[in-house]
Amino acid sequence: MSDTAIDKVLVIIPTYNERVNAPIITQGIRKHAPQVDILIADDNSPDGTGAVADELAAADSHIHVLHRQQKAGLGAAYLAGFDWARQHGYNVVVEMDADGSHRPQDLPKLLEKLPEADVVMGSRWVKGGRVVNWPKSRELLSRGGNLYTRLWLGIRLADATGGFRVYRISALDKMGLDNVQSQGYCFQVDLSWRATQAGLRLVEVPIVFVEREFGESKMSQDIVTEALKRVTVWGFEKRRADLLKIFKKS
Ligand SMILES: Nc1nc2c(ncn2[C@@H]2O[C@H](COP(=O)(O)OP(=O)(O)OP(=O)(O)O)[C@@H](O)[C@H]2O)c(=O)[nH]1
Ligand SMILES: [Mg+2]
């Protein structure tokens, strides 16, 4: 299969307590991107999302379920989903939340950009992108997090923290994901950082991000702290590596 072929696309949806949202998001994807397959990666949700996902899969051969034993964070669920995609011969994966924040109608726009990209990133903070129904505090957190990431890591992305993305499997293979430890939303920054360092072609596409209507947010102070700590450490590591390069040259 050539590197540019994008015929097998798997949308991975991590779920934890999303029994109301799971049918809505899968239906939306099937409507707007009928050619793609879907994998629901559920961490044994206490609300029975796993059983709902099984019903969806039984009714539609495009839908699959990965049952995981316990809540282990969004990052671990995605890594397991990437492995599942590789094992099943997909060459493109999409990251997408279950809660409706990532609109299925934006998915074709992201996939369209793939011929010129290794990673396509849905962006709230480029021209044409926006958020709907977010409290000012969440907007400030996202904008602040992105500003810090841009300045401290030198990543040239308007939205390095977003979680609606398309990756070629060949790109993931170049990103050295074996030692990823980020769990919460830091996982997205981690992958932005690895993709940048690997010299991949990153393309940002404007999206409309809509705050969830149903179910509860898993965002917490711990998740924010994890991101802040890790980005800070990566920035120091980068400076150390840059200095070592200068010393080696002189
Ligand atoms: N499998 C799995 N999925 C998770 C876990 N934590 C969150 N998710 C899912 O990851 C997606 C994003 O989580 P959200 O709770 O929406 O977090 P967020 O988007 O940062 O925050 P809000 O939009 O404010 O709710 C959703 O589909 C969640 O169900 C987890 O530990 N395991
Ligand atoms: Mg969300």
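Counting starts at 1 for both ligands and their atoms, in listed order. These figures come from a predicted structure and were not determined experimentally.
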Honestly, for Asp43 the part within reach of ligand 1 (heavy atoms, under 4.0 Å) is both

Regarding ligand 1, does Lys218 bring an N or O atom to under 3.5 Å of one of the ligand's N or O atoms? yes

Of the listed options Arg68, Glu211, Met219, Arg212, closest to atom 13 (O) of ligand 1 (non-hydrogen atoms): Arg212

Close side-chain approach of Ile25 to Ile13, heavy-atom, < 4.5 Å: yes

Do Gln105 and Lys31 touch side chain to side chain, with heavy atoms closer than 4.5 Å? no

Neighbour count >12 (heavy atoms, 6.0 Å) for atom CZ, Arg30: yes

As a test of understanding, state which of Arg68, Gln69, Gln70, Lys71 forms a side chain to side chain donor-acceptor pair (under 3.5 Å) with Asp43. Arg68

Relative to Trp152, does Arg239 satisfy both conditions: NZ or CZ under 6.0 angstrom from the six-membered ring centre, and within 45 degrees of the ring's axis? yes

protein heavy-atom neighbour closest to atom 29 (O) of ligand 1 works out as Glu18 OE2, 2.6 Å

Any N or O of Ala98 that comes nearer than 3.5 Å to an N or O of ligand 1? yes

Geometric class of the Phe209/His102 ring pair [parallel <30°, tilted 30-60°, perpendicular >60°]: perpendicular

Please find the N/O/S atom of Asp99 nearest to the Mg ion (ligand 2) and write down its name. OD2

Does any N/O atom on Ala77 come nearer than 3.5 Å to any N/O atom on ligand 1? no

Non-hydrogen atom of Arg138 closer than 4.0 Å to ligand 1: yes

Option of least heavy-atom distance to atom 25 (O) of ligand 1 (set: Gly73, Ser217, Ala76): Ser217

